[in-house]
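Scroll down for the structure; my scribbles are underneath it.
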2 protein chains.
Amino acid sequence: MIVLDYRDKRPLNEQVAEKIMNLIAQGGLSPGEKLPSVRNLALDLSVNPNTVQRAYAALEEKGYITTITGRGNYVSDEGNWKAGLKSEMITEVKVVVGKAKSAGIKLDEALACVREVFERD
Amino acid sequence: MIVLDYRDKRPLNEQVAEKIMNLIAQGGLSPGEKLPSVRNLALDLSVNPNTVQRAYAALEEKGYITTITGRGNYVSDEGNWKAGLKSEMITEVKVVVGKAKSAGIKLDEALACVREVFERD
DNA sequence: ACAAGTGTATTAAATGTCTTAATACAGTTA
DNA sequence: TAACTGTATTAAGACATTTAATACACTTGT
C-alpha cells in the first residue's frame with residue numbers, strides 16, 4: 001500500500017500522511033473505505049505505532065479520514081477535504097512561481113511549464 | 001542586508017544561503033562585489049561563524065560566489081549560476097504543478113495562478 | 001461476560017541534525 | 001608584523017523524530 005523513502009529527509013509520519021492523502025485524492029482509496037489499523041500499518045511499514053498514529057491524526061485534522069475509537073479509520077467524503085486540498089495546492093503553486101519569478105523566470109516560461117505538465121496524459 | 005526568520009523551521013545556514021542567493025539573482029549583489037566576511041556576517045546576524053561558513057560553502061558549491069582564502073567571498077559572474085538556477089526553478093515549478101494536477105487542479109486554474117503572481121508588481 | 005481488536009495517551013530512551021563555542025591553522029593585505 | 005581573511009576540528013547543548021513499553025477506553029463477535 002505504501003513504500004517509505006528513507007532517503008527523504010522529512011519525518012516518517014509526514015511521509016505516511018502524504019502518501020495516504022495522495023491515495024485518497026486520486027481515488028485509490030474511496031470514501032467509506034476502511035484504512036489499516038494503526039498497529040497493522042505500523043507492522044507493514046516496520047515503523048512505530050506512534051508514527052502511524054501521528055499520520056492518522058494529521059489526516060483527520062485535514063478532513064481526509066474519520067476516526068472512530070474502537071472501530072478504526074475511514075476515508076471521508078470528498079466534501080470534507082476537496083476544497084481545502086485545492087486551496088492548499090493553489091497556494092503552493094503561487095509560492096513556487098513567486099520564487100521562480102524572483103529568480104528571473106519570465107511569465108511565458110512559467111506558463112510553458114504549466115502547459116507542459118498538463119499535456120502529459 | 002539579511003533578516004533571519006526564527007519561525008522558519010529550516011536550518012539557519014540554509015536560510016542565509018537562500019537569502020544571499022536571492023540577492024544575487026535579483027542584482028542586489030553584483031558580480032565581483034565582495035560579500036561580508038564570515039565573522040562579520042555572523043556578528044550581524046547574531047549567529048555562529050560556522051553557520052555562515054556553511055552557507056557560503058553551499059553558495060560556492062552552486063556557483064553563486066567564489067571563495068578566496070585570506071581575501072574573502074565574491075559574487076560570481078552570471079554565467080556560473082544563471083542556467084543552473086533557471087533549470088532548478090523550472091523543475092520545481094513542474095513538480096508542484098504536477099502535484100496540483102493530480103490533486104484535481106485544472107489547467108485554467110494553474111494558468112490563472114501563474115498570471116496572478118506575475119501581475120503583482 | 002469475555003477476548004480480541006480498535007484508537008488514544010504517556011513517559012522514557014535513543015538517535016540525528018542544527019547550532020553554538022572555543023580553538024587552531026593557513027593565506028592575504030597594508 | 002598586525003590584522004584581516006577562509007578553513008577545520010572537537011565538544012557540548014538544544015531540539016525534533018522515532019522507538020519502546022505500557023496503560024486505558026471503546027467496539028465487535030462469540
Side-chain angles (χ1 to χ4, degrees), chain A residues 1-21 24 29 31-76 80, chain B residues 1-21 24 29 31-76 80:
Chain A
M1 180 188 189
I2 288 182
V3 177
L4 292 176
D5 176 6
Y6 280 90
R7 291 162 308 178
D8 192 328
K9 65 198 168 205
R10 286 176 310 160
L12 294 177
N13 56 59
E14 275 181 32
Q15 276 188 61
V16 173
E18 193 198 59
K19 286 176 194 294
I20 293 177
M21 190 200 74
I24 294 176
L29 286 169
E33 196 166 339
K34 185 174 185 178
L35 294 163
S37 75
V38 169
R39 290 171 179 80
N40 278 341
L41 184 53
L43 275 179
D44 253 39
L45 303 178
S46 298
V47 127
N48 193 276
N50 288 336
T51 301
V52 174
Q53 157 82 6
R54 277 166 206 132
Y56 279 5
L59 289 169
E60 199 195 17
E61 163 87 19
K62 293 194 177 183
Y64 292 101
I65 67 177
T66 302
T67 300
I68 307 175
T69 297
R71 292 200 57 200
N73 292 275
Y74 300 85
V75 178
S76 302
N80 291 286
Chain B
M1 181 185 186
I2 288 182
V3 177
L4 293 176
D5 177 6
Y6 280 90
R7 291 162 307 179
D8 192 329
K9 65 196 169 210
R10 286 176 310 159
L12 294 177
N13 57 58
E14 276 182 32
Q15 276 188 60
V16 174
E18 194 197 57
K19 286 177 194 292
I20 293 177
M21 189 200 75
I24 295 176
L29 286 169
E33 196 165 340
K34 185 174 185 179
L35 293 164
S37 75
V38 169
R39 290 171 178 81
N40 278 340
L41 184 53
L43 275 179
D44 253 39
L45 302 178
S46 299
V47 127
N48 193 276
N50 289 335
T51 301
V52 174
Q53 156 83 6
R54 275 163 208 135
Y56 279 4
L59 289 169
E60 198 195 18
E61 163 87 18
K62 293 194 178 182
Y64 293 102
I65 68 178
T66 302
T67 300
I68 308 176
T69 297
R71 293 199 55 201
N73 292 273
Y74 299 84
V75 178
S76 302
N80 290 286

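Values below: all heavy atoms of this structure, side chains included; hydrogens, waters and symmetry mates excluded.
Scanning atom types as modelled, one donor and one acceptor separated by under 3.5 angstrom connect the side chain of B:Arg39 and the base of D:dG6.
Contact check, B:Ser37 against D:dT5: a side-chain N or O comes under 4.0 Å of OP1 or OP2. An OP1 or OP2 oxygen of D:dT5 is reached within less than 4.0 angstrom by no side-chain nitrogen or oxygen of B:Thr69. Look at B:Asn73 and you won't find any side-chain N or O under 4.0 angstrom from OP1 or OP2 of D:dT5. Phosphate contact (OP1/OP2 of D:dT19, side-chain N/O of A:Thr51, threshold under 4.0 Å): present.
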Next item on the list: Check the pair A:Leu35, A:Tyr56 against side chain to side chain contact (heavy atoms under 4.5 Å, CB included), reporting the backbone distance first and the verdict last.
Entry: CA-CA 10 Å; A:Leu35 294 163; A:Tyr56 279 5; 3.7 Å; yes
Next item on the list: Apply side chain to side chain contact (heavy atoms under 4.5 Å, CB included) to the pair B:Arg10 and B:Glu18, showing each step before the final yes or no.
Entry: CA-CA 11 Å; B:Arg10 286 176 310 159; B:Glu18 194 197 57; 3.2 Å; yes
Next item on the list: Take B:Ile2 and B:Gln15, measure what side chain to side chain contact (heavy atoms under 4.5 Å, CB included) needs, and give me the verdict at the end.
Entry: CA-CA 10 Å; B:Ile2 288 182; B:Gln15 276 188 60; over 6 Å; no
Next item on the list: Just do the side-chain hydrogen bond (donor to acceptor under 3.5 Å, both in side chains) check on B:Asn13 and B:Thr51 with the steps written out, would you?
Entry: CA-CA 5 Å; B:Asn13 57 58; B:Thr51 301; 5.8 Å; no
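A:Lys9 places its NZ atom 12 Å from the C1' atom of C:dT17, with the value rounded to the nearest Å. Between the CG atom of B:Asn13 and the P atom of C:dC18 there is a distance of 7 Å, rounded to whole Å. The distance between atom CG of A:Asn48 and atom C1' of D:dA16, rounded to the nearest whole Å, is 15 Å. Between the CD atom of B:Glu60 and the P atom of D:dT7 there is a distance of 7 Å, rounded to whole Å. Going from atom CG of B:Asn40 over to atom C1' of D:dG6 covers 13 Å, rounded to whole Å. Atom CG of B:Asn50 and atom C1' of D:dT9 are 9 Å apart (whole Å). Summarising the geometry, the separation between CG on B:Leu43 and P on D:dC4 is reported as 12 Å, rounded to the nearest angstrom. Protein atom CD1 of A:Ile65 is 13 Å distant from nucleotide atom C1' of C:dT8, rounded to whole Å.
Two residues, A:Val38 and B:Val47, neighbour DNA chain C, and the one matched to the more 5' nucleotide by heavy-atom proximity is A:Val38. Mapping B:Arg54 and B:Lys34 onto DNA chain D by nearest heavy atom places B:Lys34 closer to the 5' end of the strand.
Which of C:dC18, D:dT7, D:dT28 sits closest to the side chain of A:Arg71 comes down to D:dT28. Side-chain atoms of B:Leu12 lie closest to C:dT19 of the nucleotides D:dT7, D:dT27, C:dT19.
A:Gln53 places no side-chain N or O within 3.5 Å of a backbone atom of A:Val38 that could act as its donor or acceptor partner.
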